[in-house]
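Step one of this worksheet: look at the structure below.
Excluded from the calculations below are hydrogen atoms, water molecules and symmetry mates; all remaining heavy atoms, backbone and side chain alike, are included.
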Amino acid sequence: MSMLIETASWLADGRNWSGHEGIPARLGEHLVLSGASVGIAAALALPLGTALGHAGRGGTLAINISNVGRAVPTFAVLVLLAIGPFGIGDTTTIAALTLFALAPLVTNSYVGVREIDGDAREAARGMGMSGWQILRGVELPLAAPMIIIGLRLAAVQVVGTATIAALIGGGGLGRFVVDGLARHDDPQIVGGAVLVAALALAVDGVLLGAQRLLAPRGGPTGRSPVGT
């Protein structure tokens, strides 16, 4: 109970909400790292996954490669990049988190397109629609909820994993945890963890709302994320 009270006191302390090392500043750093990583991963993975799903070829290989990449610990990738060409900094963190976010995005976009009703695809083809028109007008709208699930999964994972950026001198909310460990400041450690968890829940809630908006009317609000 005392730890809860001390953590609440730390969170309520006005000194922790001001300056370039305050909670708003660290939250902004965390959002930039996470948003840039998920954005780059989405720009790379979504076109690839949907194209493979539309073509029906090469998807299994791409999914297996992305899953192998996810099996490699993100911290190990972070260290390798830090001692490599990128050095210590936000570029290294974003590169490592981008690699981490690729797997659920490729997998869910591929599966989302492949699993749409074949009759819808055939009906569109029977109407004389081209391959690009079928992808844009039929497959992508029907696969959108599944794609959003992949985006939701990647975003929540990246928000949680971005905490380790502080271990190589990066910013973000992880600084509260790492600095707290160095100072043996338990309320700061728990407070930092609470902030990361709250941010992950908030991001998940926003994307869950988007997923429900994009779900087919009268259909399920979403399937279980692939790759979990």
Evaluate side-chain contact (heavy atoms from CB on, under 4.5 Å) for Trp132 paired with Leu135, printing each intermediate quantity in order. CA-CA 5 Å; Trp132 166 248; Leu135 174 64; 4.0 Å; yes
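- Rounding to the nearest 0.5 angstrom, the gap separating the CG atom in Asp204 from the CG atom in Leu153 is 9.0 Å.
- Residues Val196 and Trp17 fall within the same hydrophobic cluster, defined by Ile, Leu, Val, Met, Phe, Trp and Tyr side chains chained together at heavy-atom separations under 4.5 Å.
- Remark: Leu27 CG to Leu195 CG distance equals 8.0 Å, nearest 0.5 Å.
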In sequence, state the C-alpha distance, the side-chain angles, and the governing distance for Val38 and Val159, and then conclude on side-chain contact (heavy atoms from CB on, under 4.5 Å). CA-CA 9 Å; Val38 174; Val159 166; over 6 Å; no
Asp117 and Leu142: side-chain contact (heavy atoms from CB on, under 4.5 Å), yes or no, with the steps? CA-CA 9 Å; Asp117 190 344; Leu142 292 176; 5.8 Å; no
Kindly indicate, with the supporting measurements, whether the criterion side-chain contact (heavy atoms from CB on, under 4.5 Å) is fulfilled by Val190 and Trp10. CA-CA 9 Å; Val190 178; Trp10 184 85; over 6 Å; no
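- Atoms CG and OG1, on Leu33 and Thr91 in that order, are 10.0 Å from each other to the nearest 0.5 Å.
- A pairwise comparison of heavy atoms in Ala41 and Leu102 identifies O-CD2, 3.7 Å as the closest pair.
- Expressed to the nearest 0.5 Å, how far CG of Leu167 lies from CZ of Arg175 amounts to 8.5 Å.
- Closest non-hydrogen pair, Ser37 versus Leu97, comes out as OG-CB, 3.3 Å.
- Residues Leu11 and Met3 share a hydrophobic cluster, clusters being chains of Ile/Leu/Val/Met/Phe/Trp/Tyr side chains in contact below 4.5 Å.
- Cluster annotation: Leu48 is not connected to Val113 through the hydrophobic network of ILVMFWY side chains, with a link wherever side-chain heavy atoms come within less than 4.5 Å.
- Across all non-hydrogen atoms, the minimal contact from Gly56 to Arg114 is CA-NH1, 3.6 Å.
- For the residue pair Asn108 and Gly150, the shortest heavy atom distance occurs at ND2-N, 3.5 Å.
- At least one side-chain heavy atom of Val111 sits less than 4.5 Å from a side-chain heavy atom of Met146.
- Inter-residue side-chain proximity for Ile148 and Leu213 is flagged as unmet; no heavy-atom pair is nearer than 4.5 Å.
- With rounding to the nearest 0.5 Å, the separation of CZ in Arg121 from CD1 in Ile134 is 8.0 Å.
- Here Glu29 pairs with Arg26 under the side chain to side chain donor-acceptor pair (under 3.5 Å) rule; sequence neighbours left out.
- Looking only at side-chain heavy atoms (C-beta outward), Leu173 and Thr163 stay at 4.5 Å or farther from each other.
- Between Leu207 and Leu151, the shortest heavy-atom distance links the atoms CD1-O, 3.9 Å.
- Under a hydrophobic-cluster definition in which Ile, Leu, Val, Met, Phe, Trp and Tyr are linked whenever side-chain heavy atoms come within less than 4.5 Å, directly or via other members, Ile164 and Val178 are assigned to the same cluster.
- Heavy atoms only, all atoms of each residue included: Ser109 and Leu46 are closest at CB-CD2, 4.0 Å.
- To the nearest 0.5 angstrom, Thr107 atom OG1 is 13.0 Å from Ile149 atom CD1.
- Counting only heavy atoms from C-beta outward, the side chains of Thr50 and Glu139 never approach each other to under 4.5 Å.
- Connection of Val156 to Leu99 is not established within any shared hydrophobic cluster, with ILVMFWY side chains joined at heavy-atom distances below 4.5 Å, either directly or through further cluster members.
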